Amino acid sequence: MKTRKLFAALLLLAFAPLAYSAPKLTATLSSPTDLFKAASGYVTLTLANNGDSTAHVFSYSTPFFNDNDPRLAGDQFKIIPHFPTLGTQLSKVPYSGEYLHPVQPMASMFLLLQPGQSMSVTVSLYPDYQIQAGQHLLVTFSMMTGWPPEIYDVGSKADFAQETLHEVTSNTLDITVLQTPPGS
């Protein structure tokens with residue numbers, strides 16, 4: 001009897017991934033290849049779908065929402081001074097940029113990453129974050145992904161697989177800002 005239950009449990013576990021295979025979205029931060037940008041508070045964000053199904057990413061939770069002007073639509077990075085000023089606590093660098101969010105989400109506002117596909121963008125952390133020349137910073141990107149039920153009406157349900165909401169967090173990138181970009 002125990003053997004049958006064990007076999008049934010193993011069989012269920014073996015076929016569970018076939019029932020629904022979720023996208024596996026990863027975020028990676030790296031320094032830009034352009035040395036001027038690397039020294040001026042820019043970071044390169046790469047989103048990759050390492051899963052078996054299409055990932056649907058709300059573009060406003062990434063710097064990808066405007067192809068012509070890669071910028072932030074909100075506080076998407078956690079930036080902490082690596083060497084805080086003597087006598088101060090390690091605290092997050094404040095975000096002072098805009099918060100952009102559409103009133104009515106539309107299907108066109110979602111990035112579709114096919115299995116094995118990735119996309120990268122290089123974005124300036126200045127002036128949205130209060131960073132200064134000479135700062136040594138630890139930078140992490142974080143976003144929520146998945147489809148909450150109230151968003152399903154933006155397109156045909158057949159177009160989108162239901163994904164559970166979960167947080168995608170990048171590696172932590174150690175940067176030194178040697179200069180702020182021109183015009184700052």
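Being a predicted model, the structure only gives us computed values, none of them experimental. Below, each value reflects all heavy atoms present in this structure, side chains not excepted, and no hydrogens, waters or symmetry copies.
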Distance-only, no hydrogens or angles: does the Y95 side chain make a donor-acceptor pair with backbone N or O of Q130 under 3.5 Å? no
What residue among T169, N50, N171, T46 forms side chain to side chain donor-acceptor pair (under 3.5 Å) with T26? N50
For G41 and I131 the tightest heavy-atom approach is CA-CD1, 4.1 Å
When you measure from the side chain of N49 to the backbone of S53, do you find a donor-acceptor pair of N or O atoms at a distance under 3.5 Å? yes
Neighbour count >12 (heavy atoms, 6.0 Å) for atom CD, E98: no
Is there a path of hydrophobic side-chain contacts, each under 4.5 Å between heavy atoms of I, L, V, M, F, W or Y residues, that connects L35 with V177? no
How about Q76 and T62: does a side-chain donor come under 3.5 Å of a side-chain acceptor? no
Can you classify the ring geometry of F110 versus F58 as parallel (below 30°), tilted (30 to 60°) or perpendicular (above 60°)? tilted
Should L45 and F64 be marked as a side chain to side chain contact (heavy atoms under 4.5 Å, CB included) after you check the CA-CA gap, both sets of side-chain angles, and the distance that decides it? CA-CA 10 Å; L45 170 66; F64 294 100; 4.2 Å; yes
Take S31 and V43, measure what side chain to side chain contact (heavy atoms under 4.5 Å, CB included) needs, and give me the verdict at the end. CA-CA 5 Å; S31 292; V43 295; over 6 Å; no
What is the distance from atom CD1 of I175 to atom OG of S30, rounded to the nearest 0.5 Å? 11.5 Å
Residues F77, L125; criterion side chain to side chain contact (heavy atoms under 4.5 Å, CB included); working and verdict: CA-CA 9 Å; F77 290 89; L125 299 175; 3.9 Å; yes
List in chain and number order the residues that pass salt bridge (Lys or Arg N to Asp or Glu O under 4.0 Å) with D75, two or more places apart in sequence or in another chain; answer none if no residue qualifies. K92
Is S170 reaching over with its side chain to a backbone N or O of F141, donor-acceptor style, under 3.5 angstrom? yes
Test side chain to side chain contact (heavy atoms under 4.5 Å, CB included) applied to L113 and M119, step by step: CA-CA 8 Å; L113 281 174; M119 58 191 325; 3.9 Å; yes
Ignoring hydrogens and angles, tell me if any N or O in the side chain of Q132 forms a donor-acceptor pair with the backbone of Q179 under 3.5 Å. no
